[in-house]
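Keep in mind that this is a model prediction, so the values were computed, not measured. When reading the values below, keep in mind they use all heavy atoms of this one structure, side chains included, and skip hydrogens, waters and symmetry mates.
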Amino acid sequence: MALDRTNMVSLLDVGKLFQGMTSNILEMGDGYTEVTEDWGPNVESTQYVNMKSQSSTLSGYEFSMNPEREYLSDEMQQELDKLLKKFPTGKDCETDYFRFFKTDAVESKPNVFAAIKVPVIVSPSSAGGEGGAALITSIQINGNGDVQEGYIKLDSSSGEYTWSDTEPSE
């Protein structure tokens, strides 16, 4: 039986936007109606004269996503509002995107999950909506480097997420 969407947890480090020095990793959950990763595999195919089928090579990935969010009065929305007011470019757009599956929990380590980290650029995409409907904000997230494997830990008392390249001891 297929697992539902709640098994996949998407996170964005809003603390690093605008060249911030302190991580503030927030879950992309409340208010988001869809968060879908598009890995855009770069596949090149060649048809050789002595082959009936093409030969294909996968040379890389072009990660992108365009999540939409209902306008909520919370910390994530405050960060999206900054994007929609300042329209950053260059290094001000750089941060990290994280993703883990709840089924990738590390055995005997509560709230620790095997995860990936993707360097990304984040830009405002749109704000608005239909008359009488909820206000919607949208951002564009594009990959900006190689995927790194590691671990995400959720502090159950504070609700804060932290990233580690190696498995946390506790």
Side-chain angles (χ1 to χ4, degrees), residues 4-39 61-106 109-129 134-170:
D4 66 22
R5 177 58 178 84
T6 60
N7 184 55
M8 181 175 150
V9 180
S10 300
L11 308 159
L12 188 65
D13 189 344
V14 297
K16 288 188 176 178
L17 288 170
F18 302 102
Q19 300 185 52
M21 302 306 281
T22 305
S23 284
N24 183 13
I25 301 171
L26 299 179
E27 188 172 332
M28 298 171 69
D30 291 345
Y32 287 94
T33 54
E34 180 181 344
V35 178
T36 300
E37 301 172 354
D38 182 352
W39 288 94
Y61 297 89
E62 185 178 351
F63 176 77
S64 68
M65 58 192 327
N66 193 6
E68 289 186 346
R69 183 177 204 265
E70 292 181 352
Y71 197 100
L72 301 179
S73 296
D74 63 3
E75 189 175 5
M76 175 65 82
Q77 191 61 54
Q78 291 171 3
E79 298 303 323
L80 298 183
D81 285 349
K82 287 180 192 174
L83 292 171
L84 288 160
K85 291 175 185 170
K86 297 182 180 192
F87 298 95
T89 59
K91 294 243 181 242
D92 286 345
C93 299
E94 295 178 3
T95 190
D96 294 309
Y97 168 79
F98 306 86
R99 188 251 294 135
F100 68 91
F101 296 106
K102 291 177 183 174
T103 50
D104 288 337
V106 176
K109 298 205 174 147
N111 297 318
V112 176
F113 303 89
I116 62 168
K117 175 171 84 169
V118 184
V120 296
I121 58 170
V122 178
S123 57
S125 183
S126 65
L135 178 60
I136 303 291
T137 55
S138 177
I139 56 176
Q140 181 68 40
I141 300 175
N142 293 93
N144 193 29
D146 293 335
V147 175
Q148 182 179 352
E149 292 183 80
Y151 299 88
I152 281 286
K153 181 176 183 179
L154 172 61
D155 183 318
S156 57
S157 60
S158 69
E160 293 180 8
Y161 288 96
T162 54
W163 168 261
S164 176
D165 294 335
T166 59
E167 190 174 314
S169 57
E170 282 301 313

Q: Between the side chains of E94 and K16, is the shortest nitrogen-to-carboxylate-oxygen separation below 4.0 Å, so that they form an ion pair?
A: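 Between E94 and K16 there is no salt bridge, as every charged N stays at least 4.0 Å from the carboxylate O atoms.
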Q: Under the criterion side chain to side chain contact (heavy atoms under 4.5 Å, CB included), which of I141, T36, T33, L12 is the partner of P67?
A: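 The single option meeting the side chain to side chain contact (heavy atoms under 4.5 Å, CB included) with P67 is I141.
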Q: So do L80 and I139 actually touch side chain to side chain, heavy atoms under 4.5 Å?
A: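 A side-chain contact under 4.5 Å exists here.
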Q: What's the spacing between Q77 CD and L72 CG if we round to 0.5 Å?
A: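 Between Q77 CD and L72 CG, I get 6.5 Å after rounding to 0.5 Å.
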Q: Would a 4.5 Å heavy-atom cut-off, applied to side chains only, mark Q140 and S64 as touching?
A: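 Answer yes - side chains close enough.
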Q: Apply side chain to side chain donor-acceptor pair (under 3.5 Å) to residues N24 and E75 and explain how you reach the verdict.
A: CA-CA 10 Å; N24 183 13; E75 189 175 5; 2.5 Å; yes
Q: Start with the C-alpha distance between Q148 and D165, add both sets of side-chain angles, then the distance that settles side chain to side chain contact (heavy atoms under 4.5 Å, CB included), and finish with yes or no.
A: CA-CA 8 Å; Q148 182 179 352; D165 294 335; 2.5 Å; yes
Q: Would you give the length of the straight line joining atom OG1 of T137 to atom CG of L84, rounded to the nearest 0.5 angstrom?
A: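 It comes to 6.5 Å.
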Q: Measuring from D96:CG to W163:CH2, what's the distance to the nearest 0.5 Å?
A: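 Between atom CG of D96 and atom CH2 of W163 there are 8.5 Å.
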Q: Under the 3.5 angstrom rule, does the side chain of S164 hit a backbone N or O of T166 as a donor-acceptor pair?
A: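 Yes; at least one donor-acceptor contact below 3.5 Å.
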Q: Strictly by modelled atom types, are E62 and N142 linked by a side-chain donor-acceptor pair under 3.5 Å?
A: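 No - no donor-acceptor pair under 3.5 Å links their side chains.
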Q: I'd like to check V120 versus F63 (side-chain heavy atoms, cut-off strictly below 4.5 Å). Are they in contact?
A: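 They are in side-chain contact.
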Q: Side-chain donor-acceptor pair under 3.5 Å between N66 and S138, yes or no?
A: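 The criterion, which ignores hydrogens and geometry beyond distance, is satisfied for S138 and N66.
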Q: Mind checking whether E167 and V106 have side chains closer than 4.5 Å, heavy atoms only?
A: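 In short, these two side chains touch, coming nearer than 4.5 Å.
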Q: Taking all non-hydrogen atoms of both residues, which atom of V35 and which atom of S10 are closest, and how far apart?
A: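 V35 and S10 have their closest heavy atoms at CG1-OG, 3.6 Å.
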Q: Going through the distances and angles, do E27 and V9 end up as a side chain to side chain contact (heavy atoms under 4.5 Å, CB included)?
A: CA-CA 7 Å; E27 188 172 332; V9 180; 3.8 Å; yes
Q: Applying side chain to side chain contact (heavy atoms under 4.5 Å, CB included) to V118 and W39, what does each step give before you reach the verdict?
A: CA-CA 11 Å; V118 184; W39 288 94; 3.9 Å; yes
Q: Is it the case that over 12 heavy atoms from other parts of the model lie below 6.0 angstrom from the CG atom of D4?
A: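 Counting neighbours around CG of D4, more than 12 heavy atoms of other residues, nucleotides or ligands fall under 6.0 Å, so yes.
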Q: Is there side-chain contact between C93 and V122, with heavy atoms separated by less than 4.5 Å?
A: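 With C-beta onward as the side chain, the pair stays apart.
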Q: Test your reading of the model: is there a side-chain donor-acceptor pair from K109 to the backbone of P168, 3.5 Å cut-off?
A: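 Such a contact is found between K109 side chain and P168 backbone.
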Q: Can you find a heavy atom in the side chain of L83 that is under 4.5 Å from one in the side chain of P88?
A: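 Yes, close enough: below the 4.5 Å cut-off.
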Q: Stepwise, does the side chain to side chain contact (heavy atoms under 4.5 Å, CB included) test hold for D81 with Y71?
A: CA-CA 10 Å; D81 285 349; Y71 197 100; 2.6 Å; yes
Q: So T162 and D155, do their side chains get closer than 4.5 Å, heavy atoms only?
A: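 No; the side chains remain at least 4.5 Å from each other.
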Q: How many angstroms lie between NZ in K102 and CG in N7, if you round to the nearest 0.5 Å?
A: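 CG of N7 is found 7.5 Å from NZ of K102.
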Q: So with a 6.0 Å cut-off around CD of E160, is the heavy-atom count from everything else above 12?
A: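 At most 12 heavy atoms, drawn from other residues, nucleotides or ligands, come within 6.0 Å of this atom.
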Q: With K86 as the cation and F18 as the aromatic partner, state whether NZ or CZ is under 6.0 Å from the six-membered ring centre and within 45° of the axis.
A: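 Positive - K86 is close enough to the ring of F18 and near enough to its axis.
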Q: Step by step, would you call Y32 with E68 a side chain to side chain donor-acceptor pair (under 3.5 Å)?
A: CA-CA 6 Å; Y32 287 94; E68 289 186 346; over 6 Å; no
Q: For the CG atom of D13 and the NZ atom of K117, what is their distance to the nearest 0.5 Å?
A: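 Rounded to the nearest 0.5 Å, the CG-NZ separation comes to 8.5 Å.
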Q: Which pair of heavy atoms, one from V112 and one from K153, lies closest together, and at what distance?
A: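 In terms of heavy atoms, the two residues are closest at CG2-CG, 3.9 Å.
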Q: Salt bridge or not between D74 and R69? Use side-chain N to carboxylate O under 4.0 Å.
A: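 Counted as a salt bridge, because a side-chain N and a carboxylate O are separated by less than 4.0 Å.
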Q: Going by heavy atoms in the side chains, are D30 and E70 under 4.5 Å from each other?
A: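 Contact flag for D30/E70 side chains = no.
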Q: Which value, rounded to the nearest 0.5 Å, describes the distance between M65 atom CE and E37 atom CD?
A: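 Between atom CE of M65 and atom CD of E37 there are 5.5 Å.
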Q: Do F100 and Y151 have their ring centres less than 6.0 Å from each other?
A: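 Distance test on ring centres: not under 6.0 Å, no.
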